[in-house]
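Since the structure is predicted, the reported quantities are computational estimates derived from the model, not experimental observations. Order of the sequence lines sets the chain letters (A, B, ...), proteins ahead of strands, with each chain counted from 1.
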Number of protein chains: 2
Amino acid sequence: MAASTLTEVARLAGVSPATASRVLNGSARKPGQDIADRVRQAADSLGYIPNAQAQGLAKSSSGLIGLIVHDIADPYFAAIARGVQEAAREQRKMVLLATTGGAPAEEREAVAAFAARRADSIVIAGSRSSQPENQEGNAELAAELDRYCRNGGRVAVVGHPVVGATAPEGYHVVAVPNQELAAALAGKLASGQDGDFVIIGGPDGLFTSDDRIRGFQEGLAAAGRKPAEVLRTAFNRAGGYEAGLKLADMIKARQAESRQADSGEEAGRGKLCIFAVNDVMAIGAAAALREQGLRIPRDATIAGFDDIETLRDFRPALSTVRLPLEEIGRLATRATAPGGASAREPGENGSGSTEAGPDGGRQQPITGEVTLRRSTETTA
Amino acid sequence: MAASTLTEVARLAGVSPATASRVLNGSARKPGQDIADRVRQAADSLGYIPNAQAQGLAKSSSGLIGLIVHDIADPYFAAIARGVQEAAREQRKMVLLATTGGAPAEEREAVAAFAARRADSIVIAGSRSSQPENQEGNAELAAELDRYCRNGGRVAVVGHPVVGATAPEGYHVVAVPNQELAAALAGKLASGQDGDFVIIGGPDGLFTSDDRIRGFQEGLAAAGRKPAEVLRTAFNRAGGYEAGLKLADMIKARQAESRQADSGEEAGRGKLCIFAVNDVMAIGAAAALREQGLRIPRDATIAGFDDIETLRDFRPALSTVRLPLEEIGRLATRATAPGGASAREPGENGSGSTEAGPDGGRQQPITGEVTLRRSTETTA
DNA sequence: AAGCAGTGGGAATGCGCTTTCCCGATACAG
DNA sequence: CTGTATCGGGAAAGCGCATTCCCACTGCTT
């Protein structure tokens, strides 16, 4: 038994389908009270549920918002997804989920699928990359997005613009001031730490990672410290863990050396200050250090970035940069709404590193906050 | 400029829309090679993307899978969502997400929305409840689901059947043996602990919680231990935290008492063994204890349930019951696939506590595993 | 050589709904 | 009292596609 149709409802109510449509779905024309009641009652008794596909086809709009993430089980994306979901609800739309693992090819595919479903807008979370092996994929993704926008779709990208997107109407960027925040973090850390800094970064070419690394180095420089060594690894927990293992060796070597040299208690001298470009990596690194018998912040300090919810119960409490993840999701989604706000990020483009297309699209200002916790406490 | 249509492609290729349709979308009839090439080329040059809405309308099927969770940012649901997403990909479908906070009324709404979109199947995660204030909502949810199934929809519920669902064709349950596993956990814990047990449970009437509590008590009884006291609280971290505060007081009182009585080192005598019905609550409780200056497992032991990914980096390592969350999501989704497996849970219905409708629907067997970790170690 | 199944393509119909467009009826001004 | 707006409802034309039916044609068989 297929679901009942509008026509059936209309027949039962003794009116035309047109009228039934007008009363059941918000139309400009409001039929008379008595008729409306009859129709509504008929619909009720039939358990009528409008066919959104047909509605969409007729109105050419679907009430769908497409969300693209790397991995929905990653707390970073999960938090953003929550925000998106919330905003979608405000707009009385549903969210269509696609997880891509970060591969541009799959992202392109997801965009195409969303376009096929005539999603009203698309939110892309997850950092862009300029790695050579992704070059082609990025170009195709950009082309797909452009086409989608040209056909009236609206897009919001979290973090960094899609490389090569020509920023047509309807293309928004929720810019995260990664660089500035990383610089601020470096500044604060530098004022409390006298050891050497090391950065655990993602693969070369990953914008989010690169921006944060660059910012951190700038902050260090501003504080008169020498640049940090950078370890490149995977942009996830496993990568952080791996780097942590290497760092553990390094730390042990330094400790031994230091002990030998001073034969005393000046072990703080060469203490390592680790900055992982995101929390998940920081957690991985911390786990590695712990397994190697090293303690934080005693043997090394460590800071992350994002302030994912998981951190709440992670010990030692991790210093990080608080990002309003949920809010980011909300803003991105709202930016794609028909009347969506679209204040362009005001102000200095800092080091002029925005290598977006001709135009980054409309931007949403986001503010983060450096949050120092136990993992970078030096005294006590 | 609206997206190009099949008709346009057909015209450009010099064929009829019918033919174009046949070559571009998997039809039984395969047009000639030359024609196919022409059509495909035309489609390419126009950047044709089939309108899934129209396809869905014509075929009356949407390629959509609806997923209902309480909160996508909760690691438990996120893990399940990942599995669902994966299985959806296998079926070349997309997942439509709805978060409801667990309110039956919102779940009903979500089901209706999915039905409107003609989702091919619906996966409902998140525990059912029989609380009186949800009574009505549950009934409506059940009715909505029934209707959806009657119209050919397929439903999979994770954990506990929806109360009152009359289990029509297409209604599946991925049964989690909460009770058995909780009993097993209790048994293992009882053999290593000599203190008193306390359970931090969710609100009365929440099936998942109640099943686990019941199972735990049974396990205790089987081990010859007296029943545990049960603290009822919210089924989330905040609830666990709250309960943890109370327990901290209790523990301190016992410690004082014990110290007075024996004036010695037999403090282990009255040590509390806490079982929280899920990991998130356990984490909340552990946080509360820590804040109160209590150490785990020294001052109290604690165990959770689910083995969410977050636990990996939580210290002390939390004893729990490992549930293959991702697999559960996958199985649930696969169960709703056209040819989906649907082996009925074989075997004993234990304490006859399955208060589902006339029939629980087809079931998927799930196995969990008691996992003891540091948080319940008594010696050392 | 005529009849046949088989093949490959096109015309037409319908999926369920929205939205003009149209028309009769009522209300109002002149 | 007639002419013109206005309102409330219905008929019909799509929205973009799949699919059934139909037809022209090929390559066989007997």
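When the local axes at the two ends of the helix from C/dA1-D/dT30 to C/dG30-D/dC1 are compared, using 5 base pairs at each end, they differ in direction by 50° after rounding to 10°.
The CG atom of B/Leu331 sits 8.5 Å away from the OG1 atom of B/Thr333 when rounded to the nearest 0.5 Å. With rounding to the nearest 0.5 Å, the separation of CD in B/Glu8 from CZ in B/Arg11 is 6.0 Å. Distance check, rounded to the nearest 0.5 Å: CG of B/Leu97 to CD of A/Gln85 gives 4.5 Å. One finds the CZ atom of A/Phe114 at 9.0 Å from the CD1 atom of A/Ile124 (value rounded to the nearest 0.5 Å). Atoms CD1 and OG, from A/Ile49 and A/Ser4 in turn, are 8.0 Å apart once rounded to the nearest 0.5 Å. Here CZ of B/Arg117 is found 9.0 Å from CD of A/Gln53. Values are rounded to the nearest 0.5 Å.
Contact check, A/Asn25 against C/dT18: a side-chain N or O comes under 4.0 Å of OP1 or OP2. Within the structure, a side-chain polar atom (N or O) of B/Ser21 is placed less than 4.0 Å from OP1 or OP2 of D/dA18.
Listed in residue order, the members of residues 38-50 of chain B having a heavy atom less than 4.0 Å from DNA chain D are B/Tyr48, B/Pro50. For DNA chain C, the neighbouring residues in residues 52-62 of chain B, judged by any heavy atom under 4.0 Å, are B/Leu57, B/Ala58.
One interatomic measurement links the two molecules: CD of B/Glu8 to C1' of D/dG16, which rounds to 10 Å at whole-angstrom precision. Summarising the geometry, the separation between CG on A/Asn151 and C1' on D/dC15 is reported as 15 Å, rounded to the nearest angstrom. Computed from coordinates, the A/Asn51 CG to C/dG14 C1' distance equals 13 Å when rounded to whole Å. Put simply, CZ on A/Arg118 is 11 Å from C1' on D/dC17, counting in whole angstrom units. The separation between B/Leu6 atom CG and D/dA18 atom P is 6 Å, rounded to whole Å.
A search for side chain to side chain donor-acceptor pair (under 3.5 Å) contacts involving A/Gln33 returns A/Asp37, not counting sequence neighbours. Take A/Glu144 and apply the salt bridge (charged side-chain N to carboxylate O under 4.0 Å, His left out) test, not counting sequence neighbours, and it matches A/Arg108, A/Arg147. Among residues two or more places apart in sequence or in another chain, the side chain to side chain donor-acceptor pair (under 3.5 Å) test is passed with B/Ser16 by B/Thr19. With sequence neighbours excluded, the residues forming a salt bridge (charged side-chain N to carboxylate O under 4.0 Å, His left out) with A/Arg128 are A/Glu107, listed by chain and number. With sequence neighbours excluded, no residue forms a side chain to side chain donor-acceptor pair (under 3.5 Å) with B/Ser21.
Put simply, the side chain of B/Asn138 gets close to the backbone of B/Ser129: a donor and an acceptor are under 3.5 Å apart.
Residues B/Ala13 and B/Ala42 approach most closely at CB-CB, 3.9 Å, considering heavy atoms. Among all heavy-atom pairs drawn from A/Thr336 and A/Ala156, the shortest one is CG2-CB, 3.5 Å.
The list of salt bridge (charged side-chain N to carboxylate O under 4.0 Å, His left out) pairs with a residue in residues 85-101 of chain B, not counting sequence neighbours, reads A/Glu106-B/Arg89, B/Glu86-B/Arg330, B/Glu90-B/Arg334, B/Lys93-B/Asp120.
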Short N/O separations, protein against nucleotides 24-27 of chain D, under 3.5 angstrom:
none

Return the polar atom pairs (N/O with N/O) between nucleotides 7-10 of chain C and the protein under 3.5 Å, or none.
from: C/dG8; atom 1: N7; to: B/Arg29; atom 2: NH2; distance (Å): 3.4
from: C/dG9; atom 1: OP2; to: B/Gly32; atom 2: N; distance (Å): 3.0
from: C/dG9; atom 1: N7; to: B/Arg29; atom 2: NH2; distance (Å): 2.0
from: C/dG9; atom 1: O6; to: B/Arg29; atom 2: NH1; distance (Å): 2.6
from: C/dG9; atom 1: O6; to: B/Arg29; atom 2: NH2; distance (Å): 2.8
from: C/dG10; atom 1: OP1; to: B/Ser16; atom 2: N; distance (Å): 3.4
from: C/dG10; atom 1: OP2; to: B/Ser16; atom 2: N; distance (Å): 3.0
from: C/dG10; atom 1: OP2; to: B/Ser16; atom 2: OG; distance (Å): 3.0
from: C/dG10; atom 1: OP2; to: B/Thr19; atom 2: OG1; distance (Å): 2.3
from: C/dG10; atom 1: N7; to: B/Arg22; atom 2: NH2; distance (Å): 2.8
from: C/dG10; atom 1: O6; to: B/Arg22; atom 2: NH2; distance (Å): 3.1

Only pairs under 3.5 Å count here: list side-chain donor-acceptor contacts from residues 54-70 of chain B, not counting sequence neighbours, and write none if there are none.
from: B/Gln55; atom 1: OE1; to: B/Asn25; atom 2: ND2; distance (Å): 2.4
from: B/Ser62; atom 1: OG; to: B/Leu64; atom 2: N; distance (Å): 3.3
from: B/Ser62; atom 1: OG; to: B/Arg118; atom 2: O; distance (Å): 2.6

